[in-house]
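Beneath this line is the structure, given in structure tokens, with notes to follow.
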Amino acid sequence: MPRILSGIQPSGELHLGNYLGAVKNWVELQERYESLYFVADYHAITQPYDPEQLRRRRREMAASIIAAGVDPAKATLFLQSDVPEHTELAWIFNSVTPLGELERQTQFKDKSQRQESVVAGLLTYPVLQAADILLYRADLVPVGEDQVQHLELTRVIARRWNALHGRGEEYFPEPQPLLTPTRRIMGLDGQAKMSKSLNNYIGLLETTDQIWAKLRPAATDPARQRRTDPGTPEVCNIYHLHKAFSPPATVEHVAVQCSTAGWGCIDCKKTLAESMETELVPIRARAEQFAATPNLVDDVLAAGGERCRRIARETMDEVRDRMGF
Ligand code: SF4
């Protein structure tokens with residue numbers, strides 16, 4: 001079975017944006033691939049942060065991932081920092097990574113322009129990503145179109161290291177992108193991507209009432225000032241959420257009702273809330289189970305860390321040997 005690897009930053013409980021954008025996809029992929037999923041806590045420290053909050057958020061993130069349907073019997077879930085070989089390999093890869101390639105990364109250019117003082121970790125972040133992937137010699141990496149550039153750099157690093165130390169072999173296989181349909185979920189304000197910092201999100205584990213309290217005032221097509229004004233579903237975030245949660249027949253119905261002013265936005269949102277319930281109720285039920293068995297998440301992470309350290313040690317033994325350590 002081909003091996004895939006994917007990580008997510010420890011931003012605490014999942015919101016619908018990162019659930020639909022990544023983790024829902026992981027749940028499908030675990031059926032077809034040997035799946036290694038990790039909470040990328042080493043990646044979270046290139047910005048100012050609070051250590052206690054980080055510790056809490058990584059655990060909350062892991063709990064959300066399992067509640068969302070990642071099954072520890074099928075996939076391996078671990079904390080990146082439980083496998084210190086990630087950073088060891090990143091240092092080794094620093095010695096073969098061309099500086100120009102790092103400076104050209106779009107994310108670095110964007111982020112560094114917004115900061116007065118730029119830490120080196122922001123520049124070398126893709127090197128750690130390469131180490132994350134190559135440490136496990138993953139065959140495939142699920143990525144959206146916008147992340148293909150980072151994966152290409154991982155392939156460059158694998159090629160360079162293989163050329164220098166591979167002893168004529170492709171010790172690190174060049175991982176291929178597993179292009180996944182990424183949904184860019186807008187926030188409830190309809191203005192920007194859903195995010196906790198903008199407070200325009202719905203948490204994956206929020207209750208029915210909490211969700212409705214947020215959905216009810218959420219932005220819609222501004223052309224629908226009155227109930228009788230027809231709208232354009234494509235410009236409305238509620239319609240896009242329907243596409244993520246409602247069955248195709250409902251999505252079609254929404255489009256017709258909206259463009260003919262057949263119903264009001266509140267009717268539309270009520271239907272969406274019902275569709276969301278269908279998907280989110282089992283997720284909440286799983287989360288409640290964890291609350292009743294507090295060690296479950298820690299046990300899953302401990303087992304995942306142990307398995308990954310084993311794989312990582314094998315890789316590093318080989319790497320050290322080939323590099324003269
Ligand atoms: S009817 Fe639905 S899709 Fe149309 S503008 Fe209102 S909320 Fe959006």
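As the structure lists them, so they are numbered: ligands from 1, and atoms in each ligand from 1. Source: prediction; values computed, not measured. Throughout, residue positions are numbered sequentially from 1 according to the sequence presented.
Taking a cut-off of under 4.0 Å to the non-hydrogen atoms of Arg224, the atoms of ligand 1 that pass are 1 (S), 5 (S). Close approach to Trp263 involves these atoms of ligand 1, each under 4.0 Å from a residue heavy atom: 1 (S).
Of all the heavy atoms of Asp221, the ones lying under 4.0 Å from any atom of ligand 1 are found in both the backbone and the side chain. Contacts with ligand 1 closer than 4.0 Å are made by heavy atoms of both the backbone and the side chain of Cys265.
Checked for salt-bridge contact, Arg320 and Glu88 meet the test: a charged N lies under 4.0 Å from a carboxylate O. Using a cut-off of 4.0 Å between Lys/Arg side-chain N and Asp/Glu carboxylate O, Arg307 and Asp82 are scored as not salt-bridged.
Scanning all protein heavy atoms for the shortest distance to atom 2 (Fe) of ligand 1 gives Cys268 SG, 2.4 Å. Counting only heavy atoms of the protein, atom 7 (S) of ligand 1 lies nearest to Thr220 CG2, 3.5 Å.
Under a 4.0 angstrom heavy-atom cut-off, Gly231 registers as lying outside contact with ligand 1.
A donor-acceptor pair shorter than 3.5 Å cannot be found between the side chains of Ser35 and Arg3. A donor-acceptor pair shorter than 3.5 Å cannot be found between the side chains of Gln30 and Asp71.
A 6.0 Å sphere centred on CD of Glu277 holds more than 12 heavy atoms belonging to other residues, nucleotides or ligands.
Closest heavy-atom contact between Val143 and Pro177: CG2-CB, 3.6 Å.
Residue Cys258: no N/O/S atom is found under 2.8 Å from atom 8 (Fe) of ligand 1.
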